[in-house]
There are 2 protein chains.
Amino acid sequence: MATRRPTIRDVAKKTGLSVSTISLVLNEQENVSDETRRRVKKAISELKYHPRRSARGLASQTSGNIGFILTEDHFLQAEPFYTKVFLGTEFEARRHQYYVLLTTVDKGRKSNRDIPRFLLEHNVDGIIIAGRISPGWIDECLSRDLPVVLIDFEEPSRRVSTVMIDNRAGALLAVDHLASLGHARIGLIAGDIGHPSIAERIAGFAAGLKAHGIEMRPEWTITDQPETGIENGATAARKLFSSVNGRPTAIFAANDAMAIGCLQTLKELKIAVPRDVALVGFDDIEAGLHVEPRLTTIHVHKEELGAIAARRLVELIAAGSPSVTRTTAAVDLVVRESSGGPITVTVSKRA
Amino acid sequence: MATRRPTIRDVAKKTGLSVSTISLVLNEQENVSDETRRRVKKAISELKYHPRRSARGLASQTSGNIGFILTEDHFLQAEPFYTKVFLGTEFEARRHQYYVLLTTVDKGRKSNRDIPRFLLEHNVDGIIIAGRISPGWIDECLSRDLPVVLIDFEEPSRRVSTVMIDNRAGALLAVDHLASLGHARIGLIAGDIGHPSIAERIAGFAAGLKAHGIEMRPEWTITDQPETGIENGATAARKLFSSVNGRPTAIFAANDAMAIGCLQTLKELKIAVPRDVALVGFDDIEAGLHVEPRLTTIHVHKEELGAIAARRLVELIAAGSPSVTRTTAAVDLVVRESSGGPITVTVSKRA
DNA sequence: GTATAACATCGAACCGGTTCGAATTGAACT
DNA sequence: AGTTCAATTCGAACCGGTTCGATGTTATAC
């Protein structure tokens, strides 16, 4: 006598109502009398009835899941940037009664065979894609009529909602900070300028200089690196400081990884940080805390990025229509030693 | 003319076979002729047919998901120990065609109302529970006839499979290391001795001392802390070094958090590490890399713990019978400065 | 040549919900 | 009293698979 778990028919039987009425109550529909609603809820709790997800899913063609897509290399990298984003999504999704299915795809989208299984199986109601990705993957999702939200990446040619870091504001904060310390000779190190976030940081940097009436000198603006890793930062710095036309007294790096590479080069060249050159990064990754001197940087609220994307996606799913939004997540300046700040201070800007 | 996605009936129609035969092919069953199998597979790929998860789930009463349960405080803690375990599970589960549904529960299991939704909805085929948890939650899962695997926690009174850190081997490695450096006066700092892992580490420590013919002195063995946080480590160390009957020259702490607390106390007391006292921790958490001196410790392969649990759980699901296993994951000694090792060396023990 | 077994395929019930048009009821309106 | 209409409730089809007993076919044994 295995105690079969109750189904909606058991609830119908117990209340003497029809199955469809029970379903109406379950889904909080109108057009059910208060009296009936009460009776049904009572029976449900007495029977300890709970609808099975797969039955509901089959009938209503929804899964109750949202998909989270990450490129393989982002998933595997040691720095937990996207891990934090994912956990932010996970946490927020749960608040909205969704589970998150995580998957990775390869960067290039070469083979068609590793299309995320949850797409093939109709097992998600919407998709979050984090980080730079081949547009092919975005199209793949859109072609299945699934709502999509991108995080930290934009594809202007695709009609997709995005959640972006406020890169421009961050770059402005960085320049303001350096300018307030008296710097008027400020260089830039960047790479992968095709990346929307990087492009915005560069633009913000330029705008910041202009606002402070500081000249942006080409020989101090090294943005030709193909990637934004530590190595690229080191190389770019070598290039910058080999210039003979005088040196900047401060550097803004487009992200912390490049800033750390820059720091390595400056050490090799016996250029003291922050005495000879002040340095500011972007992202506030863990590693920035463990270099000497510790990195002044723009803090990105990674969990918040994921949480916002989850909220947007849930809205899109509920709306049923493919509206496009662009949400910007605020950033903070975190002053540490690499810019000459004597102590750690956090300055918040914009809610 | 919305291009409705094909169903199994479309495949049946196209091949002139029955729906049930298609299903047999889909599930790689015997008793299908090669010829038929080939025809079906051809039709499937031509139609780009893929079975929907919820339909399959309803019919076969399986979900294709596994649940991952974590206590709220473990989920929220800054140290990414359980995050890494989770990602290990996630990665391995995907290899076996499972998705992982994550949820948190409150520590005490007070209210019955926050039973993980995936349990109520029959939305998982098995459960992984990570870290110490109220036995009530284990019973909750077992009572639903779901396979369960615990990570880093045991409940001898419950018949449950577990994946444990090799705590004993780790403690032995730590003692061996200290002994090989010439230490013969070794103290212990621990807390929460009801925790199975902590108990094993203490036992391993005792066994290690015995093996080296070293006396275990009660006044150097501080294990009465209720928890194993940094504060507890600091308190325990204060207690130990206030003793007047001579001091140990080395300390083994039951985990890195306590070791870090111990380090703080030693600094206050102007006891130099490693010169006056050598220190070894356990877990290899991130923070251990950022204290001065860096912590010699026992490295735990966190992702591996999660991956092993996923494999065990998949086996249990496939078997359909509730066999109980206990798997131990190897650990490594990582020598850094806190024990007097001049450079970072990793010594591996046991595969 | 017939009984038997093994194999391949089929038909239909079933999993447990949702949904929508139809039926019922009672109040409001002519 | 007859008609209209909104509010409830119901019945049945449907979602897209799995599964199992039944059926037809062919090979094997006697």
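These numbers come from the heavy atoms of this one structure, side chains and all, not from hydrogens, waters or symmetry mates. Convention: sequence-line order gives letters A, B, ...; per-chain numbering from 1.
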Seminar exercise, completed: chain A reaches DNA chain D, atoms under 4.0 Å from its heavy atoms, from D/dT8 to D/dG16

For this session: With a 4.0 Å heavy-atom cut-off, tell me which residues in residues 17-28 of chain B come close to DNA chain C, sorted by residue number.
Result: B/L17, B/S18, B/S20, B/T21, B/L24

Exercise. Any ion pair linking A/R311 and A/E315 (charged N to carboxylate O, less than 4.0 Å)?
Worked result: no

Problem set entry | Spacing of B/N31 atom CG relative to C/dA5 atom C1', expressed in whole Å | 13 Å

Problem set entry | Full working for salt bridge (Lys or Arg N to Asp or Glu O under 4.0 Å) between B/K41 and B/E28 | CA-CA 11 Å; B/K41 291 202 166 168; B/E28 303 289 348; 3.6 Å; yes

Exercise. Within the distance-only criterion (no hydrogens, no angle test), does the side chain of A/R312 pair as donor or acceptor with the backbone N or O of A/T162 below 3.5 angstrom?
Worked result: no

For this session: Please lay out, stage by stage, how B/K42 and B/R38 fare under the test side-chain contact (heavy atoms from CB on, under 4.5 Å).
Result: CA-CA 6 Å; B/K42 181 154 166 285; B/R38 214 165 27 68; 5.9 Å; no

Problem set entry | First of B/Q29 and B/L58 reached from the 5' end of DNA chain D, by closest nucleotide | B/L58

Exercise. If you measure from OG1 on A/T103 to CD1 on A/I69, what distance do you get to the nearest 0.5 Å?
Worked result: 7.0 Å

For this session: Given ring-ring contact (aromatic ring centres under 6.0 Å, His included), test B/F86 with B/F68 step by step and report yes or no.
Result: CA-CA 8 Å; B/F86 170 76; B/F68 192 99; 5.2 Å; yes

Exercise. NA contact type, A/T36, heavy-atom cut-off 4.0 Å: base, sugar-phosphate, or nothing?
Worked result: sugar-phosphate

Exercise. At what angle, to 10 degrees, do the two end axes of the helix from C/dG1-D/dC30 to C/dT30-D/dA1 meet, given five pairs define each axis?
Worked result: 40°

Problem set entry | Atom pair distance, as rounded to whole Å: CZ in B/R9 and P in C/dG11 | 12 Å

For this session: Indicate yes or no for a side-chain donor-acceptor contact from B/S60 to the backbone of B/R56 under 3.5 Å, with no hydrogens or angles considered.
Result: yes

Exercise. Is any NZ, NE, NH1 or NH2 atom of the basic residue among A/E154 and A/R326 found under 4.0 Å from an Asp or Glu carboxylate oxygen of the other?
Worked result: yes

Exercise. Are any of the side-chain nitrogens in B/R94 or A/E72 under 4.0 Å away from the carboxylate oxygens of its partner?
Worked result: no

For this session: Report the relative orientation of the aromatic rings in B/F75 and A/F91; use parallel for angles under 30°, tilted for 30 to 60°, perpendicular for over 60°.
Result: parallel

For this session: For side-chain contact (heavy atoms from CB on, under 4.5 Å), just list the numbers for A/T21 and A/T36, CA-CA rounded to whole Å, side-chain angles, deciding distance to a tenth of an Å, and then say yes or no.
Result: CA-CA 9 Å; A/T21 301; A/T36 299; 3.8 Å; yes

For this session: Return the 5'-most residue of the pair B/D34, A/I8 with respect to DNA chain C, ranking by each residue's nearest nucleotide.
Result: B/D34

